[in-house]
Undergrad: 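Provided herewith is a single structure, encoded as structure tokens, for subsequent inquiry.
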Amino acid sequence: MSSRRIERARRAVPDYVNDSIMRWRSGSREGQLTVLAVVSGIDVAFFVLSMYDYNRMPISGFYVPLLLGMLLLRFWPLVSLVSLTAVFIAVTLVHQGEMTLPRTTSVCLMAVSISLIVYQASRHRSGLPGPLGQAMLVDLRDRLQSQSRVPDLPPGWRSQSAMRTASGINFAGDFLVANLSKDGRRLEMILVDVCGKGVGAGSQSLQFAGALGGLIGALPPIGLFSAANDFLLRQQWHEGFATAVHVLIDLETGEYSILNAGHPPAMRWDAVGGAWSIDGARGLALGIEEQPEFEQTVGRLSDGDALMFYTDGVVESPSRDVGAGIQWLREAAGHIAAVGLDDAPQRILSLVTAGGDDRAVLIVERRG
């Protein structure tokens, strides 16, 4: 669809409709009252039709407004809708007179359904209905992931990354935070692997990514890692540590520094020698003890050289330990780099056997 058609479609939607949608997405009191009024109107229409012709609208038809309420309403507005529906059902049954066996069965099923709907709504810890809670969580994820996109680099530099989650969900324990200085000279990136798997690690990574996003570019590398370490210690998570690797590159000179906190070691591609070398930066994972020590390495990228960062899901598997996996990656990435680094992260991950951990690869290349 062209941009003109999209714009015409937007103008065709009345402003009050857009305002209602925005109020519902915000979860505000006004939005919930609007939704409650609309769903209650549907409930009333079904009630009138049921009183007029029960055969066309039996009490099972009231499932529709109840399901809409379960999807769109918070707990107390939903209770109001359920109460109204229960009254309508009772009046309808009285109006119909004799309770036949099919009607009795329908009433029992409706009572069970209403109980389950109310119970399920009370279990939402956020206080929001499912779709609204999911929309807010996805919006938060998208906002945080926007800071993980490496900014457009000046000519002569290229950054590539690839990530795959173990559980198939869109909330991974691996994430990247990147920042380019205002003058476009200093590129700073942090690749992080939060301990844990699945949704638990994903929710923790959202919190940690938000904290790092506010610190990157404002503190020197060691100060940044120290602040991140303090943040994790304060959280008191059951599995409250994370590994991370930090790189700071001067895009004019090619000089770089690497800081490592319990993360698999970075690798450097030497275009002249045609091989990956393992970087020597080491340090304790974040969130384990106060004031950990980190060893920083420095170097300089020449034309054609590159740096590669990855998470342990790339090199660790049940059939081999991390050390053997690093050696395997060094050789496999060497074969790939020998014919060019185009789409190298994706090509590397295509060689990794899917396991129980998230997998991420980041490559920064000085192209000359």
Side-chain angles (χ1 to χ4, degrees), residues 145 148-178 187 189-194 197 201 205 243-247 249 251 254 256 258 260 263-279 281 299 301-368:
Q145 285 187 348
S148 71
R149 299 186 182 96
V150 179
D152 293 334
L153 302 181
W157 291 90
R158 179 172 65 169
S159 172
Q160 304 178 79
S161 63
M163 181 178 297
R164 297 180 184 177
T165 61
S167 56
I169 62 175
N170 292 324
F171 298 89
D174 299 349
F175 66 88
L176 171 71
V177 179
L187 174 64
M189 297 182 292
I190 311 172
L191 182 60
V192 181
D193 183 359
V194 174
K197 297 178 177 65
S205 69
T243 66
V245 59
H246 174 282
V247 59
I249 305 176
L251 299 179
Y256 66 86
I258 295 177
N260 194 311
H263 206 78
M267 294 188 189
R268 171 180 170 166
W269 172 253
D270 184 351
V272 176
W276 292 96
S277 60
I278 299 175
D279 184 75
L301 295 177
S302 301
D303 292 348
D305 293 349
L307 292 173
M308 178 171 63
F309 309 92
Y310 51 94
T311 57
D312 59 1
V314 177
V315 295
E316 187 177 21
S317 70
S319 60
R320 66 179 176 225
D321 59 19
V322 174
I326 292 173
Q327 185 59 34
W328 167 86
L329 175 62
R330 181 171 175 269
E331 296 174 358
H335 295 310
I336 290 175
V339 296
L341 289 172
D342 294 341
D343 296 322
Q346 290 285 3
R347 290 155 62 193
I348 290 173
L349 288 187
S350 67
L351 300 176
V352 178
T353 303
D357 203 355
D358 302 325
R359 307 172 298 284
V361 176
L362 167 68
I363 295 179
V364 182
E365 175 189 5
R366 187 176 190 181
R367 308 188 73 180

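Throughout, numbering of the chain's residues begins at 1 and tracks the sequence.
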Undergrad: Do Val364 and Val247 have side chains that approach each other closer than 4.5 Å (heavy atoms only, starting at C-beta)?
TA: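 No, their side chains stay 4.5 Å or more apart.
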
Undergrad: Rounded to the nearest 0.5 Å, what's the gap from CG on Leu301 to CZ on Arg366? Could you check?
TA: 7.5 Å

Undergrad: Can you list everything that forms a side-chain contact (heavy atoms from CB on, under 4.5 Å) with Ala337? Sequence neighbours excluded, please.
TA: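 If we apply the side-chain contact (heavy atoms from CB on, under 4.5 Å) test to Ala337, skipping adjacent residues, the hits are Trp269, Trp276, Leu341.
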
Undergrad: Taking all atoms of both residues into account, what is the closest heavy-atom pair of Ala306 and Glu365, and its distance?
TA: CB-CA, 3.9 Å

Undergrad: Would you say Thr311's side chain and Ala360's backbone share a donor-acceptor pair under 3.5 angstrom?
TA: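 Pair found, side chain donor or acceptor close to backbone of Ala360.
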
Undergrad: Check Arg359 against Leu349 and note the closest heavy-atom contact, atom names and distance.
TA: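 Here Arg359 and Leu349 meet closest at CB-CD2, 3.9 Å.
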
Undergrad: How long is the gap from CD1 on Ile258 to CG on Asp279, to the nearest 0.5 Å?
TA: 4.0 Å

Undergrad: Sub-3.5 Å donor-acceptor pair from the side chain of Tyr310 to the main-chain atoms of Pro265, do we have one?
TA: yes

Undergrad: What is the distance from atom CZ of Arg367 to atom CG of Leu153, rounded to the nearest 0.5 Å?
TA: 11.0 Å

Undergrad: Determine, step by step, whether Met267 and Leu329 satisfy the side chain to side chain contact (heavy atoms under 4.5 Å, CB included) criterion, reporting the C-alpha distance in whole Å, the side-chain angles of both residues, the deciding distance to 0.1 Å, and the verdict.
TA: CA-CA 10 Å; Met267 294 188 189; Leu329 175 62; 4.1 Å; yes

Undergrad: Is Arg268 salt-bridged to Asp305, cutoff N-O under 4.0 Å?
TA: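 Counted as a salt bridge, because a side-chain N and a carboxylate O are separated by less than 4.0 Å.
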
Undergrad: For the CD atom of Glu331 and the NE2 atom of His335, what is their distance to the nearest 0.5 Å?
TA: 6.5 Å

Undergrad: Can you find a heavy atom in the side chain of Glu316 that is under 4.5 Å from one in the side chain of Asp321?
TA: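 SC-SC contact between Glu316 and Asp321 ruled out.
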
Undergrad: With side chain to side chain contact (heavy atoms under 4.5 Å, CB included) as the criterion, how do Ile249 and Leu307 come out once you've worked through the C-alpha distance, each side chain's angles and the decisive distance to 0.1 Å?
TA: CA-CA 10 Å; Ile249 305 176; Leu307 292 173; 4.2 Å; yes

Undergrad: With sequence neighbours left out, which residue pairs that include part of residues 333-346 fulfil the salt bridge (charged side-chain N to carboxylate O under 4.0 Å, His left out) condition?
TA: Arg158-Asp342

Undergrad: Show your reasoning for whether side chain to side chain contact (heavy atoms under 4.5 Å, CB included) applies to Thr243 and Val192.
TA: CA-CA 6 Å; Thr243 66; Val192 181; over 6 Å; no

Undergrad: Once rounded to the nearest 0.5 Å, what's the spacing between atom CZ of Phe309 and atom CG of Asn260?
TA: 9.5 Å

Undergrad: State the CG-OG distance between Leu176 and Ser161, to the nearest 0.5 angstrom.
TA: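 Rounded to the nearest 0.5 Å, the CG-OG separation comes out at 6.5 Å.
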
Undergrad: Could you go through the side chain to side chain contact (heavy atoms under 4.5 Å, CB included) check for Ile363 and Ser159 one step at a time?
TA: CA-CA 6 Å; Ile363 295 179; Ser159 172; over 6 Å; no

Undergrad: For residues Val315 and Val352, determine if any side-chain heavy atom of one lies less than 4.5 Å from a side-chain heavy atom of the other.
TA: no

Undergrad: Flag the pair Ile278 / Arg330 as yes when at least one side-chain heavy-atom distance between them is below 4.5 Å, and no otherwise.
TA: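 Yes. Closest side-chain heavy atoms under 4.5 Å.
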
Undergrad: Please report the closest heavy-atom contact between Met189 and Leu187, naming both atoms and the distance.
TA: CE-CD2, 3.9 Å

